[in-house]
Chemist: 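Below: one structure in structure tokens.
Fair warning: this is a prediction, and the values are worked out from it, not measured in the lab. Chain A is the first sequence line, chain B the second, and so forth, proteins listed ahead of strands; every chain is numbered from 1.
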Amino acid sequence: MVLRLSTMFLRTLREDPVDAEVASHKLLVRAGYIRRAAPGIYSWLPLGLRVLAKVEAIVREEMNAIGGQEVHFPALLPREPYEATGRWTEYGDALFRLQDRKGADYLLAPTHEEMFTLLVKDLYNSYKDLPVYLYQIQNKYRDEARPRAGLLRGREFIMKDSYSFDIDDAGLDTAYAKHREAYLKIFSRLGLEILPVKATAGAMGGSKSEEFLHPTPVGEDTFVRSAGGYAANVEAVTTVVPEDIDYSTLPACQVKDTPDTPTIDTLVAVANEVAPRDAGEWTAADTLKNVVIAAKMPTGERRLVVIGLPGDRAVDLKRVEANIAGHLEIGGEVEIEAATEDDLKKNPSLVKGYMGPGNGLDHAVLGTEAASGVLYLVDPRVVSGTSWITGANEPGRHVFGLVAGRDFGWDGTIECVEVREGDPAPDGSGPLRTARGIEMGHIFQLGRKYAESLELKVLDQNGKLVTVTMGSYGVGVTRAVAALAETNHDDRGLMWPRNVAPADVHLMVTGKGAELFAEAERIAAALDAQGIEVIFDDRPKVSAGVKFGDAELVGVPTIAVVGRGLAEGLVEVKDRASGTAENIPVADVVGHLVDAVRG
RNA sequence: CGGGCUAUGGCGCAGCUUGGUAGCGCGCCUGACUGGGGGUCAGGAGGCCGUGGGUUCGAAUCCCGCUAGCCCGACCA
């Protein structure tokens, strides 16, 4: 196939679009791959569409390879299925809702769990039909509060989403493992560095989940990694729990006056005045901070929880939200926010600034069994035998040497503390560092959440109805195009990897002699005959500088120049990425280019 | 949702302070020259100055409202 620039629908821009911040966005617009149609919504031009199709083809091949079967759902869907799973409301403002002429509610699908589940329910009813893996490559719609970075976060985007249906957990594990392998292959073929990181399932429900992150500074997901290979989303990081300490020799705790110490900083300063210790100054790490948060339950109920953590640490509400469900004896989504003044007024036993689990003597304050009756969870670092300075539940007083397990108890532990650079990796592989990444894919074991709410059941070997277990797996296809552009460019333009480049060879003529054009035509035709895809810059009366500039901007991996060298029987062949160039005899140039393209 | 900035030909911008027939660069069209790094010259086409109202003889420019966009944050399978 030969794409002639003299007729191709293409206009390159000399200047960066003013609304673009990241390189992929600037270059894809400048090089004529995409155009903005509305915020977060892009039109695909001929060059862009070719790259997109190649990325899709790779995804499709690998999904087919694990037995996936491609289907295609509408993007415009009726409300009912999403009502049944609760997502019509749960999805909130991010859902594009609309009405038909009769006033019936519709939506533009943000993801298709419901439709896949209903389709399988429609057609299958026996364990013999399972497992089945279905997928589609399709537009998704999410009314993001703030679309940004061009294709990296759009309101319309293309996603490959697949869904596995199994009779039991072992089947789900297999489906999950197969998808994981397929994803690693997809990203490897795309030439994208990928780190699978442990993630929490979040609003999708279910248990096991991994994100496939492409590390890059423009990414919007923060994750942590260790030199030894550990990688995880901050929500999923687990704390290295210290050993219990023998407290038999520790002195009894003592309540002391610590006037005007409502914050950890003021407390540490006063503690060093009123109760200096031999083993060096008190620090924030010696204090036990008790933070009140409010959990908004799916039922609408608002429940207070106190979290105890070392005073030198901060609560990470997202981590709390990701990990609190098990402590509330309730399914569904819980929203976490800081407690308000009102919350505290309703619980007079919680003394702001001077809260503590108890004074170790007469009564406990925090905990479901204690005076306040408020659920008390602690950071895993609070192990039996650790000794703390903490609030004595009266203004201006703190208790010193309060020993965990001896003087106070708790209802459970929770991963709730901000992960910091330098914290140890849970698998002992070294200190954690934070990094940024783009989420390129995500795999979930959904379990039976959707199958239950939509009543997808099949008969098992014993003729009993059992609920099917599901997995859901996504790859951001348009996002992959952006990530590829982000990773493969220099200051002159794009530099596509071979697998996804819009063409194999960018052939250009410089000069005006008819023989130059005639020779270039012959080369283009010969390459075409060999199945090589050629972008042919056959524009007459366009200066060499413009042609070189456009070739480098468009970013096809191999550039061939028919020009002044032809007088000596030579054609210049350049590698876009390395910049290396060599002169090849005209007679050999087609073979040389074919070899370069086919590796 | 909070904060900041912006809105003028396809793209990037000036003009606004001090109201008076809308301008520059790129791109586009015609011709000539040039012909290996966005070249030169000449001549053209193309604009409801985001939108509604107000002030004024007269508004891109001053005043009020609205809308949209971008950036930072919050949010985000």
Chemist: Salt bridge check: are A/E70 and A/R60 linked by an N-O gap of less than 4.0 Å?
Modeler: yes

Chemist: Assign A/K547 to base, sugar-phosphate, or nothing according to its heavy-atom contacts below 4.0 angstrom with the strands shown.
Modeler: nothing

Chemist: Just checking A/V18: base, sugar-phosphate only, or nothing, at a heavy-atom cut-off of under 4.0 Å?
Modeler: sugar-phosphate

Chemist: Indicate yes or no: does A/K160 engage A/E62 in a salt bridge with an N to O separation below 4.0 Å.
Modeler: no

Chemist: If the C1' atom of B/G19 is compared with that of B/G54, how far apart are they to the nearest Å?
Modeler: 15 Å

Chemist: Measure from the side chain of A/R14, starting at C-beta and using heavy atoms only, and say which of B/C76, B/G37, B/G39 lies closest.
Modeler: B/G39

Chemist: Considering every strand and a 4.0 Å limit on heavy-atom distances, what is the contact class for A/D161: base, sugar-phosphate, or nothing?
Modeler: nothing

Chemist: Which base sits across from B/U40 as a Watson-Crick or G-U pair, both distances under 3.5 Å?
Modeler: B/A32

Chemist: Less than 4.0 Å between a side-chain N and a carboxylate O, is that true for A/R448 and A/D169?
Modeler: yes

Chemist: Provide the distance between the two C1' atoms, one in B/U55 and one in B/U61, to the nearest whole Å.
Modeler: 13 Å

Chemist: Under the 3.5 Å rule, do the base of B/G12 and the side chain of A/D16 count as making a donor-acceptor pair?
Modeler: no

Chemist: Between B/G39, B/C76, B/C71, which nucleotide has the shortest distance from any of its atoms to the side chain of A/E21?
Modeler: B/C71

Chemist: With rounding to whole Å, what would you report as the distance between B/G69 and B/G50 at their C1' atoms?
Modeler: 10 Å

Chemist: Indicate yes or no: does A/R180 engage A/E210 in a salt bridge with an N to O separation below 4.0 Å.
Modeler: yes

Chemist: As a test of reading the structure: which of B/C76, B/G36, B/G10 is closest to the side chain of A/R153, going by heavy atoms?
Modeler: B/C76

Chemist: For A/R155 and for A/E552, find the nucleotide of RNA chain B with the closest heavy atom, then tell me which residue's nucleotide is more 5'.
Modeler: A/E552

Chemist: Taking the side chain of A/A544 as heavy atoms from C-beta outward, which of B/G36, B/G69, B/G38 is closest to it?
Modeler: B/G36

Chemist: So, are A/R4 and A/D537 salt-bridged, with charged N and O less than 4.0 Å apart?
Modeler: no

Chemist: How would you label the contact of A/G511 with the nucleic acid (heavy atoms, under 4.0 Å): base, sugar-phosphate, or nothing?
Modeler: sugar-phosphate

Chemist: Ignoring hydrogens and geometry beyond distance, is the side chain of A/K512 in donor-acceptor contact with the base of B/G36 at under 3.5 Å?
Modeler: no

